[in-house]
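What you see below is based on every heavy atom in this structure, not just the backbone, and it leaves out hydrogens, waters and symmetry mates.
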Amino acid sequence: MASLNPNTNALGTAFAKHLLKRATFSYTKPLVDQFAALTPQQALDLLLQDSPLVLQTPYDPLPTASPDGFWTESTALPSTFNSQARKASLVSGWWWYNAINTPTLKYKLSHFLTTRFTVEKSNGAGTSTEFYDHIRLHLFYAFGNYKTLAKKITLDNSMLLYLNNTANNKNSPNENYAREFLELFTIGKGPQIAPGNYTNYTEADIVEAARVLTGFKRKNDRSVIDPVTGIPKGYNVFTQHNLNPKVFSSAFNNTTINTATSDILMDVELNDFVEMVFNQMATAKNICRKLYIYFVKGNITPEVETDIITPLAQLLYNSNYELAPTVRKLLESQHFYDLDDSNATDETIGAIIKSPLQQVSEICTYLQATIPDPTTDPLNFYNQFWHKFVHDTFLTGSNMILFDPENVAGHLAYYQAPEFDRSWISSSTLIARYRLGESLLDGFNRISGNANTAAKINISTVIQNGGLISDASDPVALTTELCNAIFAQNPDADRVAYFMNSFLLQGSVNYYWTDAWNTYLSSANNSVVEPRLKLLLSKLLSSPESQIF
């Protein structure tokens, strides 16, 4: 039976790896060693601690003669700046740099929230500065309240523009945001039981919701500041608000929401609408299914629905939609660690195909890639490494441009049954996935073009000084420990031997590597060990086992 009962034992290395990979974008050997000695409860205490930003604000190093610099802090109109699409990618690079340097749940949860309250940063989400505010809003509520975020996101300038609610007024209703708010962001349709009736709401409910949402407008000069978050937002225009009572269907207990009588009271009407939607247990269950798909796996069996989703939804509902207690319960559970059954065909560890974001984050953090410092070397970090290589080459080639999904439903991996995460793998994405490791090991873009990546894994130095391997002169220990760190589950001896013999030893006996490594240590000449280590790591990183976590 699937169980939310807590795992109370010390994590050990295998479970520490599992938790860190699922809960953070910062996966390092010191963190694995630290977490291995902790219980899940102690680990979650650390993972749920908030931390200040490592990198305070994004920076644009272009144009080189006179950089736009900290353009998001400028008092000039956001639209006056050039290269908005590139600047939006720099915002995602700012977020990623903070994510890989902050080993907490905050960044996984903020990314999860962007898979629920979606915008496409390159398609109608406003200026790069408004997109920056949108990402900050998700960060603000990552450890906070999902229901409150649902209210705040309604007046987010990027969302107002992206889903056309800024155009929604009493004389020309626009149902786009109302429809997605119900279908994608909160309660979900449920099974269709009649034309226009989706169990959890009806088409008539969408019409009424759109009327509630009339008159909320984008404020493109960022002059209206939310007093709670300190983040710019849209504003209320009462003259464009529908003044009739809004009457909802039996799906919402035939609730009537009385109209606002002023622009200030429009917020009360919005609050009443959101409270009505979140007062349904179906909303809590829909959110918990999304959390399960993101953090555990895509396959929600009837057993999981009964034993995991239902009690988890009750916890979320009872806590008034606080995210942290719900996610803690899931990540501490026996189910999360495969301790609630002996069915080897239904594992949690290794059950998700890595997203491209997960892939690049793991490789860069665990193998200690030398990444340009965005503060002292912004041109190489933001432009050469992030924008040109990671964003425009790797993430584009692997079909996961960060915060820019295919449509409002988000990336297929987070909603499209039954494939879910399997959608990351296709004939069009394999080259980018398989050549990412090779590119970072070489320092050149092997996905396309061979340009300098401005970031590199200096693998001989990392193996020598990075603390990853207990005895790097022993080819068996070296290959085994690398396999164990990179793969979700430890491979058997035959698989280790395959990688060792084929790519590290290349037909030589074990002592050949021992001699070569000791020669490198004494002479600092890595001409023998470097190419063999690079070949071994590139093959490990492109192996089937490396694609899952």
Side-chain angles (χ1 to χ4, degrees), residues 2 115-118 146-147 150-151 153-154 163-165 168 173-214 242 244-258 269-270 272-294 296-318 321 326 405-420 423:
T115 71
R116 308 302 353 120
F117 298 98
T118 52
Y146 193 101
K147 180 169 66 175
K151 298 172 187 176
I153 205 79
T154 300
L163 287 180
N164 312 114
N165 207 60
N168 182 20
N174 188 304
E175 298 174 2
N176 199 15
Y177 179 69
R179 182 177 301 277
E180 308 305 358
F181 185 90
L182 294 174
E183 179 179 349
L184 300 177
F185 301 170
T186 58
I187 196 168
K189 282 184 173 181
Q192 184 168 356
I193 57 177
N197 186 340
Y198 309 113
T199 303
N200 294 337
Y201 61 87
T202 68
E203 284 292 325
D205 290 325
I206 293 173
V207 173
E208 295 301 294
R211 290 172 178 167
V212 171
L213 296 165
T214 51
N242 184 290
N244 296 315
K246 288 77 180 179
V247 182
F248 289 85
S249 73
S250 59
F252 295 107
N253 301 313
N254 304 113
T255 297
T256 297
I257 295 179
N258 293 320
E269 189 175 339
L270 171 63
D272 291 344
F273 166 68
V274 174
E275 290 289 337
M276 177 192 74
V277 174
F278 279 80
N279 197 40
Q280 311 301 311
M281 185 56 67
T283 301
K285 285 188 175 182
N286 192 44
I287 294 167
C288 285
R289 291 186 195 105
K290 301 302 183 182
L291 284 167
Y292 187 90
I293 290 165
Y294 188 92
V296 186
K297 56 186 171 183
N299 182 29
I300 299 178
T301 64
E303 178 184 353
V304 166
E305 179 71 23
T306 299
D307 297 338
I308 303 296
I309 302 301
T310 298
L312 205 62
Q314 191 66 57
L315 174 62
L316 182 64
Y317 185 89
N318 291 346
Y321 290 89
T326 305
E406 299 93 321
N407 54 58
V408 66
H411 294 292
L412 294 173
Y414 302 119
Y415 76 91
Q416 186 63 66
E419 293 86 2
F420 291 112
S423 65

(request) Please report the C-alpha distance between L184 and F117 in whole Å, then the side-chain angles of each, then the deciding distance to 0.1 Å, and finally whether the side chain to side chain contact (heavy atoms under 4.5 Å, CB included) criterion is met. (result) CA-CA 8 Å; L184 300 177; F117 298 98; over 6 Å; no
(request) Could you pull out all residues at least two apart from T214 that satisfy side chain to side chain contact (heavy atoms under 4.5 Å, CB included)? (result) N168, H241, N242
(message) Has E208 got a side-chain atom pairing as donor or acceptor with F248's backbone, closer than 3.5 angstrom?
(response) no
(request) Would you check if the side chain of N318 reaches a backbone N or O of Q314 as a donor-acceptor pair within less than 3.5 Å? (result) yes
(message) Please find the pair of heavy atoms, one from A150 and one from Y177, that lie closest to each other, and give the distance.
(response) O-OH, 4.1 Å
(message) Distance check, rounded to the nearest 0.5 Å: T115 atom OG1 versus H411 atom NE2?
(response) 9.0 Å
(request) Looking only at non-hydrogen atoms, find the nearest pair between V212 and L270 and report the distance. (result) CG1-CA, 4.3 Å
(message) Minimum heavy-atom separation for G410 and T118, please, with both atom names.
(response) CA-CG2, 4.0 Å
(message) If you compare all heavy atoms of F181 against all heavy atoms of T186, which two are closest, and at what distance to 0.1 Å?
(response) O-OG1, 2.6 Å
(request) Could you tell me which residues satisfy salt bridge (charged side-chain N to carboxylate O under 4.0 Å, His left out) with E183, sequence neighbours excluded, listed by chain and number? (result) none
(request) Write down the atom of N200, the atom of G190, and the distance for their closest heavy-atom approach. (result) ND2-N, 3.5 Å
(request) Evaluate the side chain to side chain donor-acceptor pair (under 3.5 Å) criterion for residues T202 and D205: first the C-alpha distance (whole Å), next the side-chain angles of each, then the deciding distance (0.1 Å), finally the verdict. (result) CA-CA 5 Å; T202 68; D205 290 325; 3.2 Å; yes
(request) Using atom types as modelled and distance alone, determine if a side-chain donor or acceptor of Y317 lies under 3.5 Å from a backbone N or O of N279. (result) yes
(message) Once side-chain hydrogen bond (donor to acceptor under 3.5 Å, both in side chains) is applied, do any residues pair with Y294, and if so which ones, sequence neighbours excluded?
(response) H111
(request) First locate atom CG of N164, then atom CG of L213, and finally report the distance between them rounded to the nearest 0.5 Å. (result) 12.5 Å
(message) So which atom in L163 and which in N174 form the shortest heavy-atom distance, rounded to 0.1 Å?
(response) O-OD1, 4.2 Å
(message) Would you say the ring centers of Y146 and F185 fall short of 6.0 Å from each other?
(response) no
(request) First locate atom SG of C288, then atom CE of M281, and finally report the distance between them rounded to the nearest 0.5 Å. (result) 9.0 Å
(request) Measure the shortest side-chain to side-chain distance between T283 and Y321 over non-hydrogen atoms and say whether it is less than 4.5 angstrom. (result) yes
